[in-house]
Amino acid sequence: VVDVAVPGGGVTGVVLTRTDQGVTALRVNCTHAGFPVARVGKILECDQHGSRFDPATGAVVLGPAVRPLTRYDVVEQDGGIFVTVRNS
């Protein structure tokens with residue numbers, strides 16, 4: 001989990017995961033109640049209500065969350081990982 005600057009100021013937590021397709025960047029906050037998710041084995045889990053998410057896609061694996069984690073554009077280049085966060 002890393003902090004990424006948000007346009008207009010501040011930061012947001014982002015979960016970075018390396019997959020066979022490259023690096024995935026997902027917002028750290030659960031879509032159910034906003035509590036941060038954490039890696040538990042090979043899954044991302046919200047400790048507050050138990051929602052689980054696929055770290056490669058952000059898809060819900062187990063509710064109560066029904067929406068996937070927000071996915072951000074990410075590029076791996078010249079040894080760095082660059083995440084783009086846009087205001088919605």
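Please read these numbers as outputs of a predicted model, since none were measured by experiment. Just the heavy atoms: all of them, side chains too, but no hydrogens, waters or symmetry mates, feed the values below.
Under the 4.5 Å side-chain heavy-atom criterion for ILVMFWY residues, a single connected hydrophobic cluster contains both Val23 and Val2. A continuous path of hydrophobic side-chain contacts links Val85 to Leu16 [ILVMFWY only; heavy atoms under 4.5 Å]. With hydrophobic clusters built from ILVMFWY side chains whose heavy atoms lie under 4.5 angstrom apart, Val1 shares a cluster with Leu44. Grouping the Ile, Leu, Val, Met, Phe, Trp and Tyr side chains by contacts below 4.5 angstrom, directly or via other members, places Val6 with Val4. Residues Leu26 and Val74 fall into different hydrophobic clusters, defined by Ile, Leu, Val, Met, Phe, Trp and Tyr side chains chained together at heavy-atom separations under 4.5 Å.
The backbone N or O of Cys46 sits nowhere less than 3.5 Å from a side-chain atom of Ser51 that would complete a donor-acceptor pair.
When every heavy atom of Ala65 is checked against every heavy atom of Phe53, the shortest pair comes out as CB-CZ, 3.7 Å. Heavy atoms only, all atoms of each residue included: Thr84 and Tyr72 are closest at O-CB, 3.6 Å.
Using a 4.5 Å cut-off on side-chain heavy atoms (C-beta onward), Val14 and Asp3 make no contact.
Atom CD in Glu76 sits 10.0 Å away from atom CG in Asp78 (nearest 0.5 Å). Rounding to the nearest 0.5 angstrom, the gap separating the CZ atom in Arg71 from the OG1 atom in Thr24 is 4.5 Å.
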Can you give each donor-acceptor pair under 3.5 Å made by side-chain atoms of residues 29-41, sequence neighbours left out, with the distance rounded to 0.1 Å?
{"unit_1": "Asn29", "atom_1": "OD1", "unit_2": "Arg27", "atom_2": "NE", "d": "3.1"}
{"unit_1": "Asn29", "atom_1": "ND2", "unit_2": "Gly34", "atom_2": "O", "d": "2.8"}
{"unit_1": "Thr31", "atom_1": "OG1", "unit_2": "Arg67", "atom_2": "O", "d": "2.5"}
{"unit_1": "His32", "atom_1": "ND1", "unit_2": "His49", "atom_2": "ND1", "d": "3.2"}
{"unit_1": "Arg39", "atom_1": "NH2", "unit_2": "Thr17", "atom_2": "OG1", "d": "3.1"}

